[in-house]
Protein chains: 4
Amino acid sequence: MTATRDGKAPLAPRSRSRQKILDAALGAFSRRGFHETRMEDIAALAGVAKGTLYYNFPSKADLFAALVCEGMEMFITVLDREIVSDLPFPEHFRRLVGVHVELLLRWRDLFVTASNPVTHGFAPDIVERVEAARDRYVGYVAGIIRKGQETGYLRPLDPDLLASEILGIIDGILRHQSRTRTPHSRDALTSEVHALLVHGLLAPRPARDGAGAEPKPPRGDPG
Amino acid sequence: MTATRDGKAPLAPRSRSRQKILDAALGAFSRRGFHETRMEDIAALAGVAKGTLYYNFPSKADLFAALVCEGMEMFITVLDREIVSDLPFPEHFRRLVGVHVELLLRWRDLFVTASNPVTHGFAPDIVERVEAARDRYVGYVAGIIRKGQETGYLRPLDPDLLASEILGIIDGILRHQSRTRTPHSRDALTSEVHALLVHGLLAPRPARDGAGAEPKPPRGDPG
Amino acid sequence: MTATRDGKAPLAPRSRSRQKILDAALGAFSRRGFHETRMEDIAALAGVAKGTLYYNFPSKADLFAALVCEGMEMFITVLDREIVSDLPFPEHFRRLVGVHVELLLRWRDLFVTASNPVTHGFAPDIVERVEAARDRYVGYVAGIIRKGQETGYLRPLDPDLLASEILGIIDGILRHQSRTRTPHSRDALTSEVHALLVHGLLAPRPARDGAGAEPKPPRGDPG
Amino acid sequence: MTATRDGKAPLAPRSRSRQKILDAALGAFSRRGFHETRMEDIAALAGVAKGTLYYNFPSKADLFAALVCEGMEMFITVLDREIVSDLPFPEHFRRLVGVHVELLLRWRDLFVTASNPVTHGFAPDIVERVEAARDRYVGYVAGIIRKGQETGYLRPLDPDLLASEILGIIDGILRHQSRTRTPHSRDALTSEVHALLVHGLLAPRPARDGAGAEPKPPRGDPG
DNA sequence: GATGAATGAGACTTCATTCAT
DNA sequence: AATGAATGAAGTCTCATTCAT
């Protein structure tokens, strides 16, 4: 459309506005939600006129979709770059959790935005784009889980379901944070999440001797 | 719609219309979200006139709040009734998961509605009511976890954070279901969730011999 | 929709607003044209709130369509009532012209509105409704012409094309009037239009002796 | 689009862009109407940037006015050139109709554009220019009629009103064509229009014997 | 208790126009 | 002479809410 003709051309001046708008929209959407955010607010936040929003994005829903899609891509890109894949899996997995937590703390807004199930009244093609972006991300996580299962480290549970659950855990953490307003540190959160994911809720000792899924009550403990 | 199962009225029947409206609102909110649901839609679904909505509830936000609050109370009531508390904890916990899954499958709409972070533009007192209801529910789950920790069965992780994470897991499952459209059975879901919560992701064998939190890679495995 | 249920019911209270709006819209559209008329203007003219317009009509284009359709129906109804059909055709035709002219003077606004080819950006179904209404009216006029041809009074030219041309003449007259701002009287206009339609432009004498459709030039004239 | 037929530039080629824009505007306005045509559309159609439109014309309304004015001048120029004025009037009149029909078929877009009563919201000076151009054209046709009346060929009806009616007829024909999508040939249309104008609707035979304006019915004509 | 016609503030979006390049 | 990113006034339409019945 407006794009770089001849293949080369101005890589930078491709509308500085576009990025300013995306940044503003991220802040606004994540803080107030999609419906409570007015295009007027985004424009003011970005320091451009309302019309400039529509010069860069066809509609509010499109702006939202672009935000989520590009954000998810960025997420995956960063994850891919930060996680060195030839580490032994346990280390690999711990880094996944760590980088993830870090990303979430830094891009909390984006994650909240992308998790928001607001696509109800959207045009079908936009819903599709947003869902495809989410799926790509869920699929990325599921892929890591699947690799862990193939190498025998992870239990053979449904990888896609697990990925959804993991994202749900992250969502739960974010909600907990916004409720209690006492943000945990990066390391504390990483340990917490890693522990839950890797070991589950069960205390180490009682579970160790138990033979089945149901550990006996502690009174049977010789110690 | 989802109405009066088994003959017992689940939400207080202060008036015939009131109940019809709550049922209709539950269906509408859960299916289309708060903002995409019009008062007109609810009225039509309930088979009453729009004015009747305002005769029974001061505002749309109040209707939403009433729905969430009464729903959460009902949840807790049922959980309390169904879970016999003097069972040994592991059994207790498994029943919690099982009943929870059952409730979620039956009252999926209510859970989706209550999880929706749509209270952005609401009046402060209504936000407070909704959050109090959610907190009561999260607190209930956290209480069970705390009891499990006190009896030594569960790892000493932050109970409130854990409760949020558990609800996040459930949310993730529900989203996974609506994406894949192949609803798991009650028992399958219960096992899946229970397994993840109790044992974590780690495969049993390799983890068994490891001494620390970080299991060694399988090549060190003599078997 | 909002309509008379059970078949009987309140014939009158079927929204007095609706008629007030149609009247106001007629005045506004005819005076300023479709695009230059704001919904705000119509509301003010009708003495109702902007929302009332949308309570009665789904959109501006729908309001326009309703206006044209109901107007055309009214036109045909009046024409049918006023023209006694068993008169000899010449009288019949003269009355058609006379009543037509009268209608046009009285409902000039409506005719201007209906003639306006503004349906360009309209939804297909609305375009269809408006065109159907126009066609019904053109067809009515064409029917009268056809009858005149069958009884041998009118030349066997394409009736539908003739009807369009007649409406074009009327349109031309209305434009002429709005240009010159000196409205002719009912009778003067009737005579003028009738003369043109019945006898054409040719002066009686010279044309009388010509044998064919193409009158010879005056040099062949003995006088 | 409709451009430079026969090698002669029809609209003054003050600049290359200017002409491209006028051509594009003609196509766009005639097809979609003034209000539904975006400056963007015209620019795209002309293959120039939006700014170039404003480099050549002060405003959209000015562009429209220039189009109509130059078009009408061109019309009159061609009519004057094609109609040799010293022919006997009947032949003169027939050529007028013939050339007119030809022009209309070729420049249908321009005629439709110029006939469109869209000047409602225009600035007074622009309205004046457009109306002056239309009037010049209507006056040209009225002048021919007046000449016909002076030489005794045409009935002494109001020449200006007649001119308007004639243009209305032509408009009616064009609408009929766009409705029925079966364009008549040049000659067929010429005959049809000429017949209507010269002889009116009345069938030759019955009208021949009648003495007055109201012919008697054919059956019981005792004399 | 219940109704539904009426309201009007405010949202999204359009598009003619400008101006630095 | 030409461009196109940016603008912002103004329009259409939505929908929670009211109130006379």
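Just so we're on the same page: letters track the sequence lines, and every chain starts at 1. For clarity, every value in this text was computed on a predicted model and none was experimentally measured.
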(request) Calculate the interatomic distance between Tyr55(D) atom OH and dT3(F) atom P; express it in whole Å. (result) 11 Å
(message) So that I can compare with my own list, what are the stems of DNA chain E, taken as at least three consecutive Watson-Crick or G-U pairs with distances under 3.5 Å?
(response) E:2-21 with F:2-21
(request) Calculate the interatomic distance between Asp41(B) atom CG and dT14(F) atom P; express it in whole Å. (result) 13 Å
(request) In whole angstrom, give the distance that lies between atom CG of Leu53(B) and atom P of dT3(E). (result) 10 Å
(request) Grab the CZ-C1' distance between Phe122(A) and dC12(E) for me, whole Å please. (result) 13 Å
(message) Which heavy atom of Ala65(D) sits nearest to which heavy atom of Arg129(D), and what is that distance?
(response) CB-NH2, 3.7 Å
(message) Using every non-hydrogen atom in the two residues, find where Leu45(C) and Ala24(C) come nearest and quote the distance to one decimal.
(response) CD2-O, 3.5 Å
(request) List the atom of Thr52(C), the atom of Ile21(C), and the distance in Å for their closest heavy-atom pair. (result) O-CD1, 3.8 Å
(message) Check this for me: Glu128(C), atom CD, are more than 12 non-hydrogen atoms of other residues, nucleotides or ligands nearer than 6.0 Å?
(response) no
(message) Can you give me the closest heavy-atom contact between Ala25(C) and Leu67(C), atom names plus distance?
(response) C-CD2, 3.9 Å
(request) Looking only at side-chain atoms of Val48(D), point me to the closest of dA6(E), dA6(F), dT3(F). (result) dT3(F)
(request) Identify the two heavy atoms, one from Asn56(D) and one from Ser17(D), that lie closest to each other, and give their separation to 0.1 Å. (result) ND2-CB, 4.0 Å
(request) Heavy atoms under 4.0 Å is the rule here; annotate nucleotides 16-21 of chain E 5' to 3' with B where the base is hit, S where only the sugar-phosphate is, and - elsewhere. (result) SBB---
(message) If you only use heavy atoms from C-beta on, which nucleotide in dG8(F), dA2(F), dA6(F) is closest to the side chain of Asn56(D)?
(response) dA2(F)
(message) Without decimals, in angstroms, what is the distance between Glu36(A) CD and dC12(E) P?
(response) 10 Å
(request) Can you tell me the distance, in whole Å, between the CZ atom of Arg32(D) and the P atom of dT14(E)? (result) 14 Å
(request) Check whether any side-chain nitrogen or oxygen of Ser17(A) sits under 4.0 Å from OP1 or OP2 of dA6(F), and answer yes or no. (result) yes
(request) Whole angstrom is fine here: how far is it from CD1 in Ile21(B) over to P in dG1(E)? (result) 12 Å
(request) Keeping to residues at least two apart or across chains, list the salt bridge (charged side-chain N to carboxylate O under 4.0 Å, His left out) pairs with something in residues 41-61 of chain D. (result) Glu40(D)-Lys50(D)
(request) Taking all non-hydrogen atoms of both residues into account, name the closest pair between Ala66(A) and Phe57(A) and its distance. (result) CB-CE2, 3.7 Å
(request) Specify whether Phe64(C) and Phe29(C) have parallel, tilted or perpendicular ring planes, treating 30° as the upper limit for parallel and 60° as the lower limit for perpendicular. (result) perpendicular
(message) Rounded to whole Å, please give me the gap between NZ in Lys20(B) and P in dG1(E).
(response) 13 Å
